[in-house]
Amino acid sequence: MFSLGSDPVNVFQNTLLPSVKRSKFKYLGAAIALYVVSKAYRMFAYPKKFGHLKKIPAIAMMRSMLARENDYDRATKFMLPTWKETNGIMTAWGQFGWEVVIANPEAVRTILYKTDIFPKSEVFQVQAQLHQTLITKFFGTNNMAFANTHEWRKRRKIANPAFKRSMPAKTFALLTSRMFEQIDKSSGPVHIQKLLQRFTLDAIGLIGFGFEFNATNTPEGEWVHIYNDVADNIADFKYLVFPALDTTYLGLFPERQKKHESLNRLNSLFNQIIEHKKLELAKGASNVEDNEKDLLTLMIEAGNGENDQEALTDEELRNELVLFFLAGHDTTSNAMTAALYFLAANPDIQTRARKEVLSVLGDEPLDVWPTLEQLKEFPYLTRIMKESIRLAPPATGLVERETAVDTELAGVVIPKGSLIKVDTLSLHYNENLWKNPTKFDPDRFAEGGELESMPSTYAYLPFGGGSRQCIGMNFSLAEQRVALSSILRKYELSLPADSIHKDGLVFDRQLLILSAKDMQIDFTKRY
Ligand code: HEM
């Protein structure tokens with residue numbers, strides 16, 4: 001204690017200030033602990049309305065997520081063993097709390113077609129409005145993948161014609177030639193996944209909005225680094241589940257602050273690109289062929305167009321471009337990585353696919369690129385691509401839906417306000433739906449093959465379905481066909497002797513996205 005004769009300044013500095021500081025930290029600590037406990041309680045408490053549904057224990061799910069197990073691990077450990085007993089309808093704890101997990105093809109069909117009863121959930125938008133986290137700042141508060149009704153229709157109406165008109169086979173070919181330079185430069189196996197990530201980043205940069213990342217040639221480039229800094233960090237478990245750590249308490253995490261700074265730079269780049277593109281277009285129409293124009297140009301042109309089209313604001317355009325970026329970049333590189341792996345691991349299938357490619361493009365010892373028309377002439381290669389994304393679906397599930405009313409799915413009551421997670425992996429690996437589901441067999445997708453003879457084709461869902469089917473599907477398939485056909489023409493593929501994938505495809509430990517772990521492939525030139 002201090003006496004009346006003490007110097008008040010000294011007393012404040014020596015006695016009170018440290019104790020205030022101590023208590024400030026104590027209070028802060030207590031506030032964080034309280035926040036975490038109350039949030040955890042709200043997130044983990046099992047909703048009474050799901051009492052009639054079989055649940056996957058929350059602790060098991062959380063442990064799996066904290067261990068960074070991927071969705072494939074969770075599907076094989078929890079969902080698939082529970083499938084028969086539940087007819088593919090169960091509950092599990094996820095990023096947004098308890099969800100009804102659906103892996104029943106008939107139920108999936110209902111969800112995809114009754115969009116008024118099963119709209120996209122607004123959990124993400126609500127979170128985006130409440131918390132300016134890295135992921136919500138990047139996606140913005142609304143975009144085509146999350147919006148419903150008028151907001152969704154407006155965006156899709158502008159983007160649909162852009163995706164129909166843009167099929168830039170020449171740009172895909174140019175980018176594939178850059179990839180070949182990198183393959184030819186490397187001695188030994190190529191880390192194909194990393195190379196394909198750079199290839200698809202260039203593709204979406206150029207074709208999305210005419211921006212040259214030049215990532216295939218310069219992996220250490222400034223914008224490549226900034227983009228990866230953001231994209232690699234948005235799906236961090238602790239910030240997804242406790243968004244306040246990414247906002248209110250961000251000051252406690254200096255490394256995380258740097259990711260926010262990278263994002264601010266990336267966002268201002270997007271804004272500048274839109275502004276610049278609008279100015280360019282205002283000067284006069286572009287004379288580039290329609291199918292080689294970038295998506296941003298086509299969307300601005302559509303908004304300026306004849307049919308009373310509702311134009312998107314700059315912010316809406318930015319959100320859509322970011323969405324195309326995130327939805328179309330890693331998904332396509334992961335799909336191609338898987339296809340190349342399955343080709344390398346199955347020499348007979350590789351030989352058959354090459355025969356098809358050579359019959360269309362010839363076997364002259366020089367680079368030849370497929371035209372848009374020729375891309376339609378690769379049915380067997382297309383089956384390989386389809387089977388690859390059955391076994392390695394880049395999107396392991398659909399965006400959460402939320403029931404608008406009490407309803408029923410495959411005879412099971414689903415109360416109003418339930419979050420619905422369609423689980424693609426548990427459909428694709430399901431032995432009750434597919435024959436020998438772990439086997440790589442492209443002929444499942446042949447005319448009259450297994451898929452066509454199934455009771456429901458909704459057992460196969462790599463691009464979703466119904467009106468919300470992936471808008472970039474044909475774009476991605478064209479990109480893959482150009483690259484894969486040209487690779488097959490130029491190289492023989494094999495797995496290195498010490499490949500970790502010798503006994504089957506091994507997935508990385510990652511949340512939200514499914515990708516092969518450290519995929520290396522040997523490329524031997526044919527000419
Ligand atoms: C192999 C590559 C791809 C896969 C596996 C994939 C997968 C999917 C899936 C499953 C959905 C449906 C989501 C749902 O219903 O909740 C979807 C939607 C979407 N995808 Fe893709 N995608 C791919 C490539 C692309 C590309 C290249 C783009 C754009 C350049 C793109 C843009 C979108 C958009 C904007 C949506 C939302 C559509 C809507 O709700 O109307 N995707 N994608």
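Note that ligands are numbered from 1 as they come in the structure, with each ligand's atoms numbered from 1 the same way.
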Honestly, is R489 close enough over W369, meaning NZ or CZ under 6.0 Å from the six-membered ring centre and within 45° of the axis? no
Going by heavy atoms, is [X] under 4.0 Å from ligand 1?
X    : value
L112 : no
L323 : yes
F325 : no
W152 : yes
E479 : no
R401 : yes

When only distance counts, is Q480 in polar contact with ligand 1, meaning an N/O pair under 3.5 Å? no
N/O to N/O below 3.5 Å, does that happen between R468 and ligand 1? yes
Report the distance from atom [atom1] of [X] to atom [atom2] of [Y], rounding to the nearest 0.5 Å.
X    : Y    : atom1 : atom2 : result
M90  : E99  : CE    : CD    : 12.5 Å
L266 : N271 : CG    : CG    : 10.0 Å
L343 : I487 : CG    : CD1   : 9.0 Å

Answer yes if the side chains of [X] and [Y] hold a donor-acceptor pair under 3.5 Å, and no otherwise.
X    : Y    : result
Q182 : R178 : no
Q272 : S268 : no
S64  : E69  : yes

To the nearest 0.1 Å, how far is atom 5 (C) of ligand 1 from its closest protein heavy atom, and which atom is that? P462 O, 3.5 Å
Please write down residue, atom name and distance for the protein heavy atom closest to atom 39 (C) of ligand 1. R156 NH1, 3.4 Å
Step by step, would you call F209 with F324 a ring pair (Phe, Tyr, Trp, His ring centres under 6.0 Å)? CA-CA 10 Å; F209 44 81; F324 300 162; 9.5 Å; no
Interfacing atoms of ligand 1 (cut-off 4.0 Å, heavy-atom, [X]):
X    : value
K120 : 14 (C), 15 (O), 16 (O), 40 (O)
V399 : 14 (C), 16 (O)
T332 : 2 (C)
F163 : 29 (C), 30 (C)
F475 : 27 (C)
I204 : 30 (C)

Neighbour count >12 (heavy atoms, 6.0 Å) for atom CD, E315: no
[X]: salt bridge (Lys or Arg N to Asp or Glu O under 4.0 Å) partners, not counting sequence neighbours:
X    : result
D294 : K277
D330 : none
R153 : none

Just checking F138 against F325, ring centres under 6.0 Å apart? no
At a cut-off of 2.8 Å, what protein N/O/S atoms sit near atom 21 (Fe) of ligand 1? C470 SG
Would you say D202's side chain and F199's backbone share a donor-acceptor pair under 3.5 angstrom? no
